[in-house]
Amino acid sequence: MVEELTSAPKRVQAAAYQLIQDRRLGEYILPEGWFIVALGNREDDNGVFVQMPSPLANRFEIHDIGYDLDIWKKNFAYKTGVNPFVISYLNFKPGALHNFVPDSTSMIFASPRTWHAVSDILNTNAFDFDDDILRYKIEGNVGEIECNSFLQFCKLKDELVSVDDILSGVDVEIPTEHDKIYLLIGSIISRLEDLRQINDIDDVDEELISKFENAINFLLKLKPEFTVLGLKDLVSLNKKLVKGLFIEELDNDDIIDFITENDYIFE
């Protein structure tokens, strides 16, 4: 892995010509089965940027890497225990995942990296969403506007119906406000995160299966777009296990019909 290639001086970049083309550098030979991957900022990222010489650029297969909330959740957030408040907020406001403005004079902006930092703050501290220190720390990562929006969103937790009731199968009133629904979905998925640690369907106890089924029944009562969101996030916890639970443990025609019509959820 060659980090920050486009931040290196041209002489350093030129030293990579032989390594990239001939898989060797002087007497060093790159072993078979190894691949060279280089990363670097783009010119409009406002980072340190040195244009690659054309001969070096021509030796690479070049891809412009973007960001995608669903992929970030599936491949990173749920696997690393990103705080459910962060995931719920980004479901509610996907554009906040990365709000960098190239010509802005501010050094603070939201990105997958800074949201991970916010998650670490929430995961490692006993927090009060009205606490000034917490607000300053979050603001220092994602900026004042995004921080205020995020904290206001999180404070809605006290207005939610009981997740315990939902997972116990109690018939609860469904919120009408979208922000509360996003927060509620995130809270439900968080309470089922034990699924992430289980490899075999036979290791899932009856209590967890019951919670799983009650969660599905609740999600099916929501508008289809929210149902799909909740199921996709549930699948992101453990695709193989969740798919197995749907097939082997759930005996509900409504669930089967919905999954049949929206099978892309398991992709």
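The chain is numbered in sequence order, starting from 1.
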Trainee: Taking side chain as C-beta onward, heavy atoms only, is Leu184 less than 4.5 Å from Val163?
Mentor: yes

Trainee: Between atom CG of Asn214 and atom CD1 of Ile209, what is the distance when rounded to the nearest 0.5 Å?
Mentor: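 Those atoms lie 12.0 Å apart.
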
Trainee: Taking side chain as C-beta onward, heavy atoms only, is Leu234 less than 4.5 Å from Phe212?
Mentor: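 Touching, per the 4.5 Å side-chain cut-off.
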
Trainee: Taking the side chain as everything from C-beta on, heavy atoms only, tell me whether Ile108 gets closer than 4.5 Å to Asn141.
Mentor: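 Contact flag for Ile108/Asn141 side chains = no.
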
Trainee: Measure the spacing between NE2 of His178 and CG of Leu222 and express it to the nearest 0.5 Å.
Mentor: 10.0 Å

Trainee: Could you tell me whether a side-chain N or O of Asn58 sits under 3.5 Å from a main-chain N or O of Ser54, the two making a donor and an acceptor?
Mentor: no

Trainee: Sub-3.5 Å donor-acceptor pair from the side chain of Ser210 to the main-chain atoms of Glu206, do we have one?
Mentor: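 Such a contact is absent between Ser210 side chain and Glu206 backbone.
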
Trainee: Angle between ring planes, Phe92 versus Tyr89, binned at 30° and 60°: parallel, tilted or perpendicular?
Mentor: tilted

Trainee: If you define the side chain from C-beta out and look only at heavy atoms, does anything of Ile87 sit under 4.5 Å from Lys73?
Mentor: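 Yes, at least one pair of side-chain atoms sits under 4.5 Å.
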
Trainee: Answer with yes or no whether the hydrophobic clustering places Tyr67 together with Tyr78; edges join I, L, V, M, F, W, Y residues whose side-chain heavy atoms lie under 4.5 Å apart.
Mentor: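 Yes, Tyr67 connects to Tyr78 through the hydrophobic network.
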
Trainee: With rounding to the nearest 0.5 angstrom, report the CG to NZ distance, Leu237 to Lys74.
Mentor: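 Result: 12.5 Å between the selected atoms.
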
Trainee: So, the side chain of Thr227 versus the backbone of Leu219: is there a donor-acceptor pair under 3.5 Å, distance only?
Mentor: yes

Trainee: Any side-chain heavy atom of Ser187 within less than 4.5 Å of one from Lys157?
Mentor: no

Trainee: Looking only at atom types and distance, does a side-chain atom of Trp115 sit under 3.5 Å from a main-chain N or O of Ala96, one as donor and one as acceptor?
Mentor: yes

Trainee: Are more than 12 heavy atoms from other residues, nucleotides or ligands located less than 6.0 Å from atom CD1 of Ile36?
Mentor: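 Result for CD1/Ile36: enclosed.
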
Trainee: Flag yes if Ile20 and Trp34 sit in one hydrophobic cluster, no otherwise; membership is Ile, Leu, Val, Met, Phe, Trp, Tyr, and two members link when side-chain heavy atoms are under 4.5 Å apart.
Mentor: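 Looking at the clustering, Trp34 is in the same group as Ile20.
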
Trainee: Could you grab the distance from atom CD1 of Ile138 to atom CG of Leu122, nearest 0.5 Å is fine?
Mentor: 5.0 Å

Trainee: Say whether, by atom type as modelled, one donor and one acceptor occur between the side chain of Lys10 and the main chain of Gln51 under 3.5 angstrom.
Mentor: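 Side chain of Lys10 to backbone of Gln51: a pair is present.
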
Trainee: Could you tell me whether the side chain of Ile185 reaches within less than 4.5 Å of the side chain of Ser88, counting heavy atoms only?
Mentor: no

Trainee: State yes or no: do Phe60 and Leu39 share one hydrophobic cluster built from I, L, V, M, F, W and Y residues joined by side-chain heavy-atom distances below 4.5 Å, directly or via other members?
Mentor: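 In one cluster: no.
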
Trainee: Do Val161 and Val170 touch side chain to side chain, with heavy atoms closer than 4.5 Å?
Mentor: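 The answer is no, as the side chains (C-beta and beyond) never meet within the 4.5 Å cut-off.
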
Trainee: Are a donor atom and an acceptor atom from the side chains of Ser119 and Asn123 found within less than 3.5 Å of each other?
Mentor: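 Indeed, the side chains of Ser119 and Asn123 share at least one donor-acceptor pair under 3.5 Å.
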
Trainee: Would you call the rings of Phe100 and Phe109 parallel, tilted or perpendicular, taking 30° and 60° as the class edges?
Mentor: tilted

Trainee: So, do Asp22 and Leu30 sit near enough that their side-chain heavy atoms are less than 4.5 Å apart?
Mentor: no

Trainee: Counting only heavy atoms not in Asn199, do more than 12 sit closer than 6.0 Å to its CG atom?
Mentor: no

Trainee: Give, for atom CD1 of Ile188 and atom CD of Glu193, the distance between the pair rounded to the nearest 0.5 Å.
Mentor: 14.0 Å

Trainee: Ion pair present between Asp130 and Arg135, side-chain N to carboxylate O less than 4.0 angstrom?
Mentor: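 Salt bridge: no.
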
Trainee: Are the side chain of Arg23 and the backbone N or O of Ile29 linked by a donor-acceptor pair below 3.5 Å?
Mentor: no

Trainee: Test of understanding: clusters of I, L, V, M, F, W, Y form through side-chain heavy atoms closer than 4.5 Å, transitively. Do Phe246 and Tyr264 belong to the same one?
Mentor: yes

Trainee: May I ask you to check whether over 12 heavy atoms, not counting those of Ile145, lie within 6.0 Å of atom CD1?
Mentor: no

Trainee: Please confirm whether the backbone N or O of Asp164 pairs with a side-chain atom of Ser168, one donor and one acceptor, at under 3.5 Å?
Mentor: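 Answer holds: yes.
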
Trainee: Would you say Val12 ends up clustered with Met52 if hydrophobic residues are merged whenever their side chains have heavy atoms under 4.5 Å apart, either directly or through other cluster members?
Mentor: no

Trainee: For the side chain of Arg59 and the backbone of Gln18, is there at least one donor-acceptor N/O pair under 3.5 Å apart?
Mentor: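 Judged by distance alone, no pair lies under 3.5 Å.
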
Trainee: Mind checking whether Phe129 and Phe85 have parallel, tilted or perpendicular rings, split at 30° and 60°?
Mentor: perpendicular

Trainee: Start with the C-alpha distance between Asp171 and Lys221, add both sets of side-chain angles, then the distance that settles salt bridge (charged side-chain N to carboxylate O under 4.0 Å, His left out), and finish with yes or no.
Mentor: CA-CA 11 Å; Asp171 190 15; Lys221 297 176 183 177; 3.3 Å; yes

Trainee: Any side-chain donor-acceptor pair under 3.5 Å between Asp233 and Asn91?
Mentor: yes

Trainee: If I take atom OH from residue Tyr182 and atom NZ from residue Lys93, how far apart are they, to the nearest 0.5 angstrom?
Mentor: 13.0 Å

